[in-house]
Amino acid sequence: MLRQTLCAAVVLLFALGVACTPSRRSSAGFRLPDGDADRGQTAFVALQCNSCHQVSGVDLPAAPSRFAEPVVLGGRVPRQITDGYLTTAIINPSHAIGPFPLTQVSVQGQSRMPDYTSGLTARQLADLVAFLQAHYEPYQPSREYPTYY
Ligand code: HEC
């Protein structure tokens, strides 16, 4: 009996160990270098992110708009937005389309945001994320609020 219990415990520990091993796509260990929000704002305009986006509470220079309705970034969100979420949104936008009307922001499941994988430096990415983080305001979620993030 004792032997069986010990065996079961060993099997359980092994299973837990395997379950806790991060997969290749886990975000464990992901960490952006610290960014500078002011430089991020400059990069946002230089890269013409403002041709599709407004940022809540920021007066950005006008850019020829590519959409009838700009996609607004920042503002009140139900929970803390992670750097990982923003990084993925910027360099792999079709991975998870944001909480916007789908017909406005995607075509056949693909985000209408351009591919920035070769047009951005890691420095610009860290600064853009710092800039955007400074303009999100997380608040306590109400029960009815959908969980996008
Ligand atoms: C041609 C228009 C266009 C340009 C230019 C553009 N985006 Fe986007 N962006 C979109 C659309 C459409 C979405 C919503 C669909 C999605 O989630 O990918 C989006 C979504 C995002 C999101 C996710 C928002 C959320 O709440 O999920 C972030 C962050 C973002 N963009 C940042 C940027 C940054 C930074 C730049 C410049 C480097 C940029 N975008 C340039 C169209 C654009």
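Every number for a ligand or one of its atoms is a count from 1 in the order of the listing. For clarity, every value in this text was computed on a predicted model and none was experimentally measured.
- Counting atoms of ligand 1 from 1 in the listed order, those under 4.0 Å from a heavy atom of C52 are 1 (C), 2 (C), 3 (C), 4 (C), 5 (C), 42 (C), 43 (C).
- Proximity annotation for atom 18 (O) of ligand 1: of S111, C49, G74, S111 comes nearest, heavy atoms only.
- Side chains of L47 and Q124 form a contact here, defined as non-hydrogen atoms less than 4.5 Å apart.
- Within a 6.0 Å radius of CD in E69, other residues, nucleotides and ligands contribute 12 heavy atoms or fewer.
- Under 4.0 Å from ligand 1, not a single heavy atom of S94 appears.
- Proximity of P70 to Q54: side-chain heavy atoms (C-beta onward) are separated by under 4.5 Å at one or more points.
- Taking any N or O of G98, backbone or side chain, at least one lies under 3.5 Å from an N or O belonging to ligand 1.
- Of all atoms in ligand 1, numbered sequentially from 1 with element shown, those under 4.0 Å from a heavy atom of Y85 are 25 (C), 26 (O), 27 (O).
- Each of the following atoms of ligand 1 lies closer than 4.0 Å to a heavy atom of P99: 26 (O), 27 (O).
- Looking only at side-chain heavy atoms (C-beta outward), F131 and T42 stay at 4.5 Å or farther from each other.
- Proximity of I81 to L86: side-chain heavy atoms (C-beta onward) are separated by under 4.5 Å at one or more points.
- Annotation for ligand 1: atoms under 4.0 Å from non-hydrogen atoms of Q48 are 5 (C).
- Checking side-chain atoms of S94 against main-chain N and O of S111 turns up a donor-acceptor pair under 3.5 Å.
- Atoms of ligand 1 found under 4.0 Å from any heavy atom of P93 (numbered from 1 in listed order, with element): 18 (O).
- The closest approach between any non-hydrogen atom of S106 and ligand 1 is not below 4.0 Å.
- Against a heavy-atom cut-off of under 4.0 Å, L86 is close to the following atoms of ligand 1: 29 (C).
- Counting only non-hydrogen atoms, the option in R112, Q110, H53, Q104 that gets closest to atom 30 (C) of ligand 1 is H53.
- Contact of the L120 side chain with the L128 side chain is registered, since non-hydrogen atoms from C-beta on lie closer than 4.5 Å.
- Considering only heavy atoms from C-beta on, L60 stays 4.5 Å or farther from H53 through its side chain.
- Under 4.0 Å from ligand 1, not a single heavy atom of I81 appears.
- Under the 4.5 Å side-chain criterion, counting only non-hydrogen atoms from C-beta, F30 is in contact with D83.
- Counting heavy atoms closer than 4.0 Å to ligand 1, residue A89 contributes side-chain atoms (C-beta onward) but none from N, CA, C or O.
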